[in-house]
Amino acid sequence: MTPPTKPARVRFAPSPTGYLHLGGARTALYDYLLAKQSGGSFILRIEDTDQKRYVPEAEANFKNALHWLGLPPDEGPDAGGPHAPYRQSQRKAIYRQHAEQLIESGDAYYCFCSPERLDKIRAEQLANNENTRYDGKCRHLPPGEAARRVANGEEHVIRFKIPQEGTTTAHDFLRGDITVENEVLDDIILIKSDGLAVYHLAAMVDDHLMGITHVIRGSEWLPTFPIHKRIFDAFGWEEPVWVHPSLFLKPDGKGKLSKRDIQKARESGYPIFVNDMPEMGFLPEAVNNWMALIGWSYDDKTEFFTMEDLIEKFSIEKLNPSPAAINFSKLDHFNGLHIRNLEVEDFAERIRPFFEKAGYTVDNAILPKVAAAIQTRTKRLTEVGDMAGFFFEDEVELVTERIVSKKMSAGQAAEAARRLVNLFSAVTEINSDTCEQPLRDMAKEMGLKAGHIFGLLRETLTGQKISPPLFETMDILGKEKTIARLEKAAEELENG
RNA sequence: GGCCCCAUCGUCUAGUGGCCUAGGACGUAGCCCUCUCAAGGCUAAGACCGGGGUUCGACUCCCCGUGGGGUCACCA
């Protein structure tokens, strides 16, 4: 139904200054979906041009996160590809060469102003209630003189030359034309005094050289978007399709996520960093589904999407340009949906490590049955230990006050336990066909409600007040353990 | 503050001039199912930021307010 499109080349280009968070992950997802649905390529590029903010482990963090989410790059630092290297720090010469090309064409110039001078003019502008921007001092330096100073080794940067009059119009796929007065645009630095390019140059050069067809990036780039458009024009390059989805807002909708919010979310059991998600019990399927729907929708009713669905159904046309608050309770909901969508064998393998982490020794013989019993009850994989760990224990701790319900005496409880032992001993298999009616009759004989007997059974067998259905539980536990736990309870009640 | 972007239930959203007494989802409340808890089913409360236009007719188009967000570095 979607019209055939040319294979898209879409890049995810994070800066290794921190870990991959929800916002970046959503961008990566959209990148991946757009690439895959068109039979194109998903490219990972590391934008490590800022040595001061460089975090060494960040790149590995991105890769782990992308791998966990199921978004493997077709090209990138590890995957390689026709446009290697994919780390900008290794492409320094390329940027320099392009910057010099702009100097030649008159679209850029050498600037010898010191950081101190820049600070000073900024302070003055602030004091005069003016907008802060470069004052253009080096703009009109004779090219020969500037070149000579550079040749002499004088410290310098290269700045992009923005016309001082007129306007610039850049076209965003979601928002249409964005026009600004050139006078509000700054002569931004292209090459820093350390010789490395700045984002504005490096990303544009790479996007062109790498044949990127669609640039999907956060809307924090909107203010500099017209400059980027001018850079493409200065080189005479064809622009990619620009898409600026909006940012994520904190859950209450007030402001974008900050460091503090990240910590706060984590404390309340919700992740901001992708790599926190696995241990918090989230499924990558659910995270992708959930993230995709913050800022994108397919129609007025469909919300459950597998990765295959997303690849087929995603479209940048349906992206929503307005800022969106993240809604964690919906993440829980999607996690539940995707857990229930798992094959039970798959679910079993996913919960195994969580039982182990909780200190249980998993019995492979019953794990599939345990999984089946708790699958519809699980929202987060982290819950399984508390919910079903008793299946893997030899005994459960009994609290007589909890076994004896308010409606019965300890003596009655002991009697009930004894009668249950007899009842279960008499059958070859404990299941609802063989035992439910006798159990209900027994309750009536004792003047109790069936619910009281079920409650006693539940506490006795599981040590919990909530558990999977009892006959299913007993089937998994086995006749032997079931009876042993009842006998032990009866004894304790009798001696209690 | 300048510039830019955005504006439908608490939240995510559908809606592209008449299909809208505005649809769905999460959450919330109630009911049903039921051995507990879930799951599932049903129901309820809940929104077009305000004011002007344009039009026979605006949630939808335009303008102005207001509100929210982003951005103003030799960071990305």
Side-chain angles (χ1 to χ4, degrees), chain A residues 13-18 47-50 52-53 111 113-115 118-119 122 126 129-133 155-159 172 174-175 178-181 183-186 188-196 198-200 202-203 217-226 244 246-247 249 251-256 290 293-304 318 320-334 336-337 340 374-379 387 432 436 439-440 443 449-459 462 464-471 473:
Chain A
S15 179
T17 54
E47 311 226 317
D48 55 347
T49 53
D50 185 358
K52 288 189 291 294
R53 298 201 308 152
C111 171
C113 295
S114 68
L118 298 179
D119 285 346
R122 216 184 336 264
L126 245 24
N129 257 327
E130 291 168 24
N131 294 325
T132 58
R133 64 194 304 262
E155 189 151 287
H156 64 279
V157 300
I158 296 178
R159 283 184 185 272
D172 173 68
L174 300 176
R175 303 153 205 265
I178 296 171
T179 301
V180 296
E181 299 288 331
E183 62 181 24
V184 308
L185 264 19
D186 209 352
I188 49 132
I189 287 169
L190 262 16
I191 301 280
K192 296 176 281 182
S193 57
D194 67 3
L196 248 176
V198 100
Y199 173 91
H200 307 295
R217 44 132 60 170
S219 60
E220 70 267 26
W221 291 111
L222 249 18
T224 43
F225 179 29
H244 296 91
S246 71
L247 272 9
L249 268 28
D252 63 9
K254 308 247 182 298
K256 77 165 177 179
W290 172 66
L293 256 13
I294 305 176
W296 174 79
S297 64
Y298 175 63
D299 60 17
D300 60 345
K301 43 181 74 75
T302 319
E303 293 219 316
F304 181 86
K318 301 275 289 180
N320 188 150
S322 45
I326 53 177
N327 180 338
F328 284 120
S329 65
K330 206 153 183 176
L331 206 211
D332 283 329
H333 171 250
F334 278 117
L337 287 182
R340 276 169 256 138
I374 63 173
Q375 191 166 8
T376 59
R377 306 182 152 70
T378 310
K379 265 210 165 72
M387 201 182 325
S432 60
E436 183 158 358
L439 187 151
R440 288 178 186 280
K449 286 192 172 163
H452 298 134
I453 303 297
F454 281 115
L456 176 147
L457 244 190
R458 173 164 289 110
E459 274 294 345
T462 71
Q464 303 169 180
K465 58 181 186 303
I466 58 174
S467 81
L470 285 167
F471 287 105
T473 298

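Below, chains carry the letters A, B, ... as their sequence lines are ordered, and counting in each starts from 1.
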Sugar-phosphate only, base, or nothing, as touched by W290(A) at under 4.0 Å among non-hydrogen atoms: nothing
Touch class at under 4.0 angstrom, heavy-atom based, for V180(A) against every strand present: sugar-phosphate
Salt bridge E303(A)-K330(A), side-chain N to carboxylate O under 4.0 Å: yes
N/O (side chain, S297(A)) to phosphate O (OP1/OP2, rA14(B)) under 4.0 Å: yes
Nucleotide nearest K379(A) (side chain, heavy atoms from C-beta), chosen from rU71(B), rG27(B), rG2(B): rG27(B)
Separation between the C1' atoms of rU13(B) and rA7(B), rounded to whole Å: 14 Å
Under 4.0 angstrom between R217(A) side-chain N/O and rG70(B) OP1 or OP2: no
Rounded distance in Å between the P positions of rC6(B) and rA45(B): 34 Å
Sugar-phosphate only, base, or nothing, as touched by E47(A) at under 4.0 Å among non-hydrogen atoms: sugar-phosphate
rU36(B) to rC42(B) separation - C1' atoms, rounded to the nearest Å: 23 Å
H244(A) NE2 to rC3(B) P, straight-line distance once rounded to whole Å: 20 Å
Closest listed nucleotide, where the reference is the side chain of T132(A) and the choices are rA76(B), rC12(B), rC72(B): rC72(B)
Span that lies between the C1' atom of rG23(B) and that of rC5(B), in whole angstrom: 28 Å
Neighbour count >12 (heavy atoms, 6.0 Å) for atom NZ, K192(A): yes
Touch class at under 4.0 angstrom, heavy-atom based, for A325(A) against every strand present: sugar-phosphate
Identified pairing partner of rA38(B), criterion: Watson-Crick or G-U wobble below 3.5 Å: none
Watson-Crick or G-U counterpart of rC48(B), or none if no pair lies under 3.5 Å: none
Span that lies between the C1' atom of rU55(B) and that of rC63(B), in whole angstrom: 16 Å
Sugar-phosphate, base or nothing in reach of N327(A), heavy atoms under 4.0 Å: base
Nearest-neighbour nucleotide for the V198(A) side chain, rA76(B), rC26(B), rC35(B) considered: rA76(B)
C1' gap between rU34(B) and rA39(B), integer Å: 12 Å
Separation of the C1' atoms in rA25(B) and rC33(B), to the nearest angstrom: 23 Å
Minimum side-chain heavy-atom gap E459(A)-S467(A) below 4.5 Å: no
Selected nucleotide, minimal atom distance to L249(A) side chain, candidates rC75(B), rU36(B), rG69(B): rG69(B)
Euclidean distance for P, rC59(B) against rC48(B) (whole angstrom): 11 Å
Sugar-phosphate, base or nothing in reach of L470(A), heavy atoms under 4.0 Å: base
Shortest side-chain distance from T376(A), nucleotide among rU36(B), rA39(B), rC74(B): rA39(B)
For rG10(B), the Watson-Crick or wobble counterpart (both distances under 3.5 Å): rC26(B)
Length of the line joining D299(A):CG and rA25(B):C1', which is rounded to integer Å: 11 Å
Sugar-phosphate, base or nothing in reach of R133(A), heavy atoms under 4.0 Å: nothing
R340(A) side chain near rG40(B) phosphate (N/O to OP1/OP2, under 4.0 Å): yes
Contact under 4.0 Å: K256(A) side-chain N or O vs rU71(B) OP1/OP2: yes
Distance test, side-chain N/O of N320(A) to OP1/OP2 of rA14(B), below 4.0 Å: yes
Sugar-phosphate, base or nothing in reach of E181(A), heavy atoms under 4.0 Å: nothing
Sugar-phosphate, base or nothing in reach of K318(A), heavy atoms under 4.0 Å: sugar-phosphate
Side chain of E303(A) (C-beta onward), nearest among rG1(B), rA25(B), rA39(B): rA25(B)
Base rC5(B) to side chain R175(A), donor-acceptor N/O within 3.5 Å cut-off: no
G295(A) or P469(A), whichever maps to the more 5' nucleotide of RNA chain B: G295(A)
I453(A) versus A443(A), closest heavy-atom pair with distance: CG1-CB, 3.6 Å
Smallest separation among heavy atoms of V157(A) and S193(A), with atom names: CG1-N, 3.6 Å
Side-chain N,O (K52(A)) to OP1/OP2 (rC75(B)) below 4.0 Å: yes
Rounded interatomic separation in angstrom, taking CG from L196(A) and C1' from rA73(B): 16 Å
Touch class at under 4.0 angstrom, heavy-atom based, for P468(A) against every strand present: base
Separation of atom CG in D300(A) from atom C1' in rC26(B), rounded to whole Å: 16 Å
Rounded distance in Å - NZ (K449(A)) to P (rU36(B)): 12 Å
Most 5' of S329(A) and I294(A) on RNA chain B, judged by nearest nucleotide: I294(A)
From rG70(B), rA76(B), rG23(B), nucleotide with atom closest to P223(A) side chain: rG70(B)
Nearest-neighbour nucleotide for the N131(A) side chain, rA76(B), rG23(B), rG2(B) considered: rG2(B)
Aromatic ring pairing H200(A)/W221(A), orientation class (parallel under 30°, perpendicular over 60°, tilted between): perpendicular
Watson-Crick or G-U counterpart of rG1(B), or none if no pair lies under 3.5 Å: rC72(B)
Touch class at under 4.0 angstrom, heavy-atom based, for S322(A) against every strand present: sugar-phosphate
Partner nucleotide of rC33(B) by Watson-Crick or wobble geometry (both distances under 3.5 Å): none
Touch class at under 4.0 angstrom, heavy-atom based, for I326(A) against every strand present: nothing
Sugar-phosphate, base or nothing in reach of T49(A), heavy atoms under 4.0 Å: sugar-phosphate
Side chain to side chain contact (heavy atoms under 4.5 Å, CB included) between I188(A) and T224(A), intermediate numbers included: CA-CA 10 Å; I188(A) 49 132; T224(A) 43; 5.5 Å; no
Min side-chain heavy-atom separation T132(A)-L126(A) under 4.5 Å: yes
rA38(B) OP1/OP2 closer than 4.0 Å to side-chain N/O of T378(A): no
Under-4.0 Å side-chain N/O to phosphate OP1/OP2 contact, K192(A) with rC75(B): yes
Any side-chain donor near an acceptor of the partner, D299(A) and S297(A), under 3.5 Å: no
Under 4.0 angstrom between K301(A) side-chain N/O and rU13(B) OP1 or OP2: no
Distance in Å, F225(A) CZ paired with S219(A) OG, rounded so as to fall on 0.5 Å steps: 12.0 Å
